[in-house]
Amino acid sequence: MTQKPGIPKGTRDFLPQTMMRRNYIFDTIREVFQNYGYLPIETPAMENLKTLMGKSGEEGDRLLFKLLNSGDFLKDINKNDIDEKRIGKVTTSISEKGLRYDLTVPFARFVVQHRNELTFPFKRYQIQPVWRADRPQKGRYREFTQCDVDVIGSDSLLNEVELIRMIDDVFSKLKIKVVIKLNNRKILSGISHYIGAPEMLTDITTAMDKLDKIGIASVVEELKNRGIYTEMIDKILPIIELKGNNYSKLDKLNKVIGHTEDGSTGIKEMKTILDRLSSVNIHSEIEFDQALARGLDYYTGTVFEVKAKDVAIGSVCGGGRYDDLTGVFGLPNVSGVGVSFGADRIYDVMNESNLFTGQLLSSTQVLLVNFGDKEAGYSLKVLEELQKNNIKAELYPDAAKMKKQMKYADQKDIRYVILLGEEEMTSGKLTLKDMRTGEQSKAGLPDIINQLKD
RNA sequence: GUGGAUGUAGCUCAGGUGGUUAGAGCGCUGGAUUGUGGUUCCAGAGGUCGUGGGUUCAAGUCCCAUCUUCCACCCCA
């Protein structure tokens with residue numbers, strides 16, 4: 001009885017060609033991170049559920065993958081809890097570990113746990129997979145890789161500016177056109193105070209955020225459904241419909257919510273960031289968007305969201321400032337800010353926009369054809385010499401038909417083939433064939449090495 | 001988590017109203033060309049029709065369930 005091969009919903013295998021391209025993305029991002037002085041760390045795929053729960057909002061908790069305890073996991077279970085279907089209680093007694101949902105929460109845990117070994121402000125980057133029990137769609141996977149950069153232990157807005165410059169750098173290098181959207185949670189808080197319903201902050205922002213998608217009438221409808229009074233909605237509407245460039249939007253907004261404490265500091269912070277950005281060279285479009293909310297509960301200041309302009313796929317990068325994520329782990333008053341690049345979506349965008357170019361295909365430069373036992377022995381020495389000179393080379397392992405070996409080189413997109421048969425062994429001159437032009441010539445090994453090095 | 005579509009060869013897809021041995025293109029294997037790929041010609045292999053039930057003399061086709069992928073919502077990278 002054989003079984004059909006398969007993998008869990010929302011997960012994927014990556015074939016060599018895809019990996020070459022993914023690695024190109026990772027290399028580009030890593031290079032930028034290091035260029036700005038960030039250092040790598042890694043944390044385990046699984047964390048204690050206590051660490052993960054309650055950090056990213058209710059939605060986040062629902063999307064957590066939980067791991068069944070090892071051994072007799074039914075040991076501590078309460079029968080009544082099962083009978084009465086208290087899912088939460090049963091879950092906590094049979095599962096104490098889960099797969100991480102993002103890299104920010106594990107990072108906060110990491111910082112507190114290693115605070116005495118770190119130098120602050122601590123700048124780190126982390127490129128690892130995360131897991132979410134979401135329903136998969138295009139650009140939405142259950143296992144995907146995030147590339148996080150964060151700086152923790154500094155509340156300077158220069159960090160925000162630096163992150164925006166890095167975002168701009170990464171997407172410029174990858175040739176993806178993006179718009180970088182910015183907002184500040186304090187502005188949103190100011191708005192909710194201004195209309196007199198601070199506790200409705202989340203409801204207001206999620207409704208506002210939909211303006212582009214569903215239009216103004218539906219937003220009003222949604223606000224009503226969420227229990228916001230008509231007179232409040234009348235106050236919000238002008239804010240939602242604010243138009244103009246970044247500064248004029250902020251000025252108009254300041255007239256309305258500038259008297260609130262949060263609103264005023266939020267607007268000041270936003271202006272400072274825009275001022276600083278104007279003195280550096282940024283290629284991407286920067287847009288202050290008063291409706292940008294972002295669901296992650298721990299954000300308290302600036303929030304970022306980056307969208308690809310040519311492909312509709314959700315955000316390719318997002319993040320924000322969190323003032324007290326380390327507090328729950330026992331290290332209060334440490335502010336951090338960071339963003340996360342979604343490698344998988346970046347791949348999808350590049351793929352759809354045909355931004356991957358040929359040189360990413362093959363790694364091997366030259367293939368040695370295997371003519372048989374005697375010749376393979378000689379070829380092995382040639383192979384060693386080529387590799388010693390940093391020429392990526394491989395010897396075909398079997399003395400298969402030459403046609404088959406040539407075809408192998410062709411399909412792996414290997415540029416050169418060396419023919420080394422009896423004739424070449426006696427003369428010491430190897431036959432080098434250029435698969436692209438079809439031309440072939442005879443030369444000694446040192447000459448060939450020189451030619452391949454260029 | 002809610003609603004809606006989808007699934008036939010490795011890939012992309014044909015297969016009116018149920019009816020014999022389920023097809024094509026590409027790919028794959030072999031040969032024409034015993035030391036030459038990519039082009040051409042010839043031949044061949046490969047499918048429990050996603051899976052499990054049911055209706056029927058008969059199911060790729062109808063019904064139910066389930067899984068996958070995709071779309072919208074939700075949320076987000």
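In what follows, chains are A, B, ... by sequence order, proteins preceding strands, each numbered from 1.
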> When we call it a touch if two heavy atoms are under 4.0 Å apart, what does Cys317(A) touch: a base, just sugar-phosphate, or nothing?
Replying inline: sugar-phosphate
> Taking the same atom, C1', in G15(B) and in C75(B), what whole-Å distance lies between them?
Replying inline: 41 Å
> Under 4.0 angstrom, heavy atoms only, what part of the nucleic acid is Glu305(A) near: base, sugar-phosphate, or nothing?
Replying inline: nothing
> When rounded to the nearest Å, what value does the distance between C1' atoms of G54(B) and G18(B) take?
Replying inline: 15 Å
>> In whole Å, measure the gap between the P atoms of G38(B) and C28(B) for me.
In response: 9 Å
> Does the C74(B) base have a donor-acceptor partner in the side chain of Arg62(A) within less than 3.5 Å?
Replying inline: no
> Are Asp323(A) and Thr300(A) close enough that a side-chain donor and a side-chain acceptor fall under 3.5 Å?
Replying inline: yes
>> Classify the ring geometry of Phe171(A) against Phe341(A): parallel below 30°, tilted from 30° to 60°, perpendicular beyond 60°.
In response: tilted
>> Has Asp169(A) got a side-chain atom pairing as donor or acceptor with Val32(A)'s backbone, closer than 3.5 angstrom?
In response: no
>> Tell me which nucleotide, if any, is Watson-Crick or G-U wobble paired with G1(B) when both distances must be under 3.5 Å.
In response: C73(B)
> If you measure from the P atom in G16(B) to the same atom in G23(B), how many Å do you get, rounded?
Replying inline: 14 Å
> In the strands shown, is A32(B) matched to any nucleotide by a Watson-Crick or G-U wobble pair with both distances under 3.5 Å, and which?
Replying inline: U40(B)
> Within less than 4.0 Å of OP1 or OP2 of U36(B), is there a side-chain N or O belonging to Lys433(A)?
Replying inline: no
> In whole Å, what separates the P atom of U39(B) from that of C26(B)?
Replying inline: 11 Å
> ring-ring contact (aromatic ring centres under 6.0 Å, His included) between Tyr347(A) and Phe356(A): does it pass, once the steps are laid out?
Replying inline: CA-CA 9 Å; Tyr347(A) 176 92; Phe356(A) 290 114; 5.3 Å; yes
> RNA chain B: Ile7(A) or Ser315(A), which has the more 5' nearest nucleotide?
Replying inline: Ile7(A)
>> Partner lookup for C57(B), please. Criteria are Watson-Crick or G-U wobble with both distances under 3.5 angstrom; report none if nothing qualifies.
In response: G19(B)
>> With a 3.5 Å cut-off and heavy atoms only, can you find an N or O donor on one side and an acceptor on the other between the side chain of Arg436(A) and the base of G38(B)?
In response: no
> Quantified in whole Å, what is the C1' atom distance between nucleotide C67(B) and nucleotide A58(B)?
Replying inline: 28 Å
>> Let me spell it out: for each of Gln411(A) and Arg345(A), pick the nucleotide of RNA chain B with the closest heavy atom. Which residue's pick is nearer the 5' end?
In response: Gln411(A)
>> Would the base of A77(B) count as contacting Arg140(A) through its side chain, where contact means a donor and an acceptor less than 3.5 Å apart?
In response: no
> From A32(B), C28(B), C73(B), pick the nucleotide closest to the side chain of Gln137(A)?
Replying inline: C73(B)
> Given G30(B), C71(B), G37(B), which nucleotide is nearest the side-chain atoms of Lys401(A)?
Replying inline: G30(B)
> Can you tell which of U36(B), G37(B), C71(B) lies closest to the side chain of Arg135(A)?
Replying inline: C71(B)
>> Assess, by modelled atom type and distance only, whether the side chains of Gln126(A) and Asp148(A) contain a donor and an acceptor separated by less than 3.5 Å.
In response: no
> Does any N or O donor sit under 3.5 Å from an N or O acceptor when you compare the side chain of Asp410(A) with the base of G37(B)?
Replying inline: yes
> So does Gln440(A) reach the base of G35(B) with its side chain, donor to acceptor, closer than 3.5 Å?
Replying inline: no
>> Distance check, rounded to the nearest 0.5 Å: Ile236(A) atom CD1 versus Ile204(A) atom CD1?
In response: 4.5 Å
> G37(B) base stacked by Tyr408(A)? Criteria: ring centres under 5.5 Å, plane angle under 30°.
Replying inline: no
> Who is the Watson-Crick or G-U wobble partner of G10(B), with both distances under 3.5 Å?
Replying inline: C26(B)
>> Please report the distance separating the C1' of U6(B) from the corresponding atom of C71(B), rounded so that it comes out in whole Å.
In response: 10 Å
